[in-house]
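Order of the sequence lines fixes the chain letters, A, B, ..., with proteins taken first and strands second; residue numbering starts at 1 for each chain. Computed from a predicted structure; not experimentally measured.
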Number of protein chains: 2
Amino acid sequence: MSQTVDRALSILPLLAEGPADLGQVADRLGVHKSTALRLLRTLHEHGLVYRQSDQRYRLGARLFALAQEAMENLDIREIAHPHLVRLNEACGHTVHLAVYEENEVLYIDKVESRYPVRMYSRIGKPVAITVAAVAKLLLADLPEPERRAVTDQLDYPMYTARSTPNAEAFRRELATVREQGWATDLGGHEESINCVAAPVRGADGRVVAAMSVSAPNVVVTAEELLTLLPLVRRTADAISGEYSGRTPIKETT
Amino acid sequence: MSQTVDRALSILPLLAEGPADLGQVADRLGVHKSTALRLLRTLHEHGLVYRQSDQRYRLGARLFALAQEAMENLDIREIAHPHLVRLNEACGHTVHLAVYEENEVLYIDKVESRYPVRMYSRIGKPVAITVAAVAKLLLADLPEPERRAVTDQLDYPMYTARSTPNAEAFRRELATVREQGWATDLGGHEESINCVAAPVRGADGRVVAAMSVSAPNVVVTAEELLTLLPLVRRTADAISGEYSGRTPIKETT
DNA sequence: CCTGACTGTTGCAATATGTGCAACGCTCAT
DNA sequence: ATGAGCGTTGCACATATTGCAACAGTCAGG
């Protein structure tokens with residue numbers, strides 16, 4: 001809608017791939033160098049872009065700070081966090097909280113396992129949407145047309161033999177998940193890691209987030225992990241209750 | 001330099017404080033609602049801004065993805081990571097890697113302690129610049145005028161009784177650090193946590209990053225932690241060597 | 001030491017671009 | 001039903017953005 005801003009913002013993903021100099025940026029944007037220069041300058045003033053010693057540009061520190069701040073201000077996260085911690089204390093495994101947003105599912109909180117063997121994940125990182133237990137819950141609750149659209153346009157990488165192979169299989173799985181109100185990922189992302197997940201619902205019953213407990217085979221078997229399902233669901237419900245209770249909007253203006 | 005972009009980018013920190021509706025954004029930008037709307041739309045198209053169910057805007061998922069991607073593409077980080085892991089395996093404590101950028105110091109990598117008691121920190125989060133051991137190393141190496149400017153304009157919060165109290169004390173500390181080539185933080189940020197840090201240098205000898213080992217009192221005393229100094233310095237030097245060896249620029253165009 | 005190629009940078013004039021306005025549609029509460 | 005409050009659209013004006021061309025600085029090679 002706004003050409004200038006559009007161009008400026010297009011620079012960001014471009015720089016995310018790696019540092020680039022003025023000429024490269026101008027070329028890839030299809031604009032004159034002087035134009036690119038002015039856009040980069042504006043981005044620089046806002047700290048979104050940084051000029052390293054060799055004069056090339058890369059993404060700047062404020063970007064990280066912004067992302068952090070935004071995440072810490074999510075109200076679901078704030079409400080859920082103590083519950084996640086308590087769940088972690090009870091079972092010892094890694095606990096995740098995730099939300100869906102525009103074709104992506106991302107972790108917004110995490111409490112690390114107390115066992116030495118830990119799974120790899122990072123807050124803010126988009127999750128493997130076709131296999132993760134939390135992703136299934138979040139997608140299962142989308143309105144039908146959107147769910148169809150999203151599942152159609154997804155890639156279905158075979159991380160392991162048990163990964164979701166294609167859109168149809170995924171939609172069947174989502175139907176099951178919607179029905180039962182919880183989800184699992186049994187080695188669909190990494191061979192040796194299993195997850196159990198439950199949904200957090202808002203006042204209107206819509207799923208606003210999902211939480212999961214993950215543990216590697218070497219610590220507990222899939223069956224043992226499933227034992228935790230009631231506890232996970234209870235925790236998720238507790239968060240739902242608290243979340244839909246009041247809407248604590250900050251109006252400190 | 002570019003008014004439109006400038007206004008659009010000003011929306012981001014504003015939304016980082018929390019969700020806001022169109023009117024609020026327009027007011028705080030000092031522009032007409034229709035203008036704000038178009039800016040927000042452009043931001044939305046790029047995924048930097050998300051419209052939640054109550055129609056209010058907040059920062060979007062792509063922001064997190066961008067921050068992640070940018071961080072993972074930092075070449076120092078890539079080179080350093082295996083060294084950090086090895087150091088962690090050797091000593092068991094939390095290992096951090098940090099860089100300085102435009103008045104901020106931020107963690108760009110972290111390997112978690114193998115002990116159950118862990119310190120709080122998060123990749124991408126700006127560090128307590130006046131007390132952190134890594135911050136001291138990075139600031140100590142700035143050219144004198146810039147160092148003066150930065151240290152002057154900083155706040156000096158007293159996290160603990162041993163925090164750096166003011167600019168002068170800080171500059172004295174920085175002088176010492178520059179002299180000795182390593183730094184510590186002994187309970188200056190959190191009473192019970194100590195750190196030892198060493199600098200990573202580029203080919204020209206300038207400090208490009210700093211790494212630290214942190215551990216709480218309950219696990220090892222400050223003296224025991226200092227025992228690790230030679231190991232930390234050796235690791236930092238190894239990274240320096242590898243980093244200044246070649247400049248592995250990605251040119252996969 | 002000079003030359004030429006390359007990069008980033010600035011001033012300027014033309015016009016495409018973004019702006020504020022006013023009117024519309026919508027939802028929600030009274 | 002009625003009105004207030006919000007987001008949204010079309011339009012005419014003029015401002016802010018653009019590409020150009022010329023400049024400055026750096027580096028490599030002859």
Side-chain angles (χ1 to χ4, degrees), chain A residues 1-12 14-15 18-60 102 143 202-206 244 246-247 249-251 253, chain B residues 1-12 14-15 18-60 102 143 202-204 206 246-247 249-251 253:
Chain A
M1 286 262 103
S2 166
Q3 187 186 74
T4 318
V5 178
D6 188 49
R7 285 173 170 170
L9 297 183
S10 303
I11 294 179
L12 298 179
L14 194 155
L15 290 185
D21 64 26
L22 180 61
Q24 296 171 322
V25 172
D27 281 352
R28 293 196 48 182
L29 276 189
V31 299
H32 196 140
K33 281 187 306 179
S34 57
T35 307
L37 177 69
R38 285 180 284 242
L39 295 177
L40 281 165
R41 271 223 265 263
T42 314
L43 289 168
H44 180 89
E45 277 173 22
H46 286 257
L48 297 183
V49 143
Y50 176 67
R51 194 142 198 206
Q52 46 187 26
S53 43
D54 61 352
Q55 292 234 108
R56 292 187 308 166
Y57 294 91
R58 56 173 180 69
L59 294 185
E102 233 131 341
D204 53 1
R206 292 285 312 274
S244 49
R246 325 154 242 329
T247 319
I249 308 164
K250 295 187 179 182
E251 292 296 356
T253 319
Chain B
M1 285 265 107
S2 167
Q3 186 187 75
T4 319
V5 178
D6 187 51
R7 284 172 171 172
L9 296 183
S10 303
I11 294 179
L12 298 178
L14 193 155
L15 288 185
D21 63 27
L22 181 59
Q24 297 171 324
V25 173
D27 280 353
R28 291 197 49 182
L29 276 189
V31 298
H32 199 240
K33 280 188 305 179
S34 57
T35 306
L37 177 69
R38 283 180 286 243
L39 295 177
L40 281 165
R41 270 225 264 264
T42 313
L43 290 168
H44 179 90
E45 277 173 22
H46 287 257
L48 297 183
V49 142
Y50 176 67
R51 192 138 200 210
Q52 48 187 28
S53 43
D54 61 352
Q55 292 233 108
R56 292 187 306 165
Y57 294 91
R58 51 171 185 71
L59 294 184
E102 232 130 346
D204 53 0
R206 291 286 313 272
R246 322 152 243 331
T247 320
I249 308 164
K250 297 187 177 178
E251 291 295 354
T253 320

Can you give me every donor-acceptor pair (side chain of residues 2-12 of chain B, partner residue at least two apart or in another chain, under 3.5 Å) with its distance?
residue	atom	partner	partner atom	Å
D6(B)	OD1	H46(A)	NE2	2.5
S10(B)	OG	D6(B)	O	2.7

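Residue pairs satisfying the salt bridge (charged side-chain N to carboxylate O under 4.0 Å, His left out) criterion with at least one member in residues 20-34 of chain A, sequence neighbours excluded, are listed as follows: E17(A)-R28(A).
Remark: L37(A) CG to T42(A) OG1 distance equals 9.0 Å, nearest 0.5 Å. Atom CD of Q24(B) is separated from atom CG of L14(B) by 8.5 Å, given to the nearest 0.5 angstrom. Rounding to the nearest 0.5 Å places CG of L15(B) at 8.0 Å from CG of L43(B). In this structure, CG on L29(A) lies 8.0 Å from CG on L40(A), to the nearest 0.5 angstrom.
When the side-chain contact (heavy atoms from CB on, under 4.5 Å) test is applied to Q52(B), the partners found at least two apart in sequence or on another chain are P19(B), Y50(B), D54(B), R56(B), R58(B).
Between E102(A) and H44(B), the shortest heavy-atom contact is OE2-NE2, 3.0 Å.
In 5' to 3' order, the nucleotides of DNA chain D bounding all contacts with chain A (an atom under 4.0 Å from a heavy atom) are dT17(D) to dC20(D).
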Contact letters for nucleotides 15-21 of chain C, in which S counts primed atoms plus P, OP1 and OP2 and B counts the base, heavy atoms under 4.0 Å: --SSBBB
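Using a 4.5 Å heavy-atom cutoff, the side chains of V25(B) and L39(B) are not in contact.
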Nucleotide N/O of nucleotides 24-30 of chain C paired with protein N/O under 3.5 Å:
none

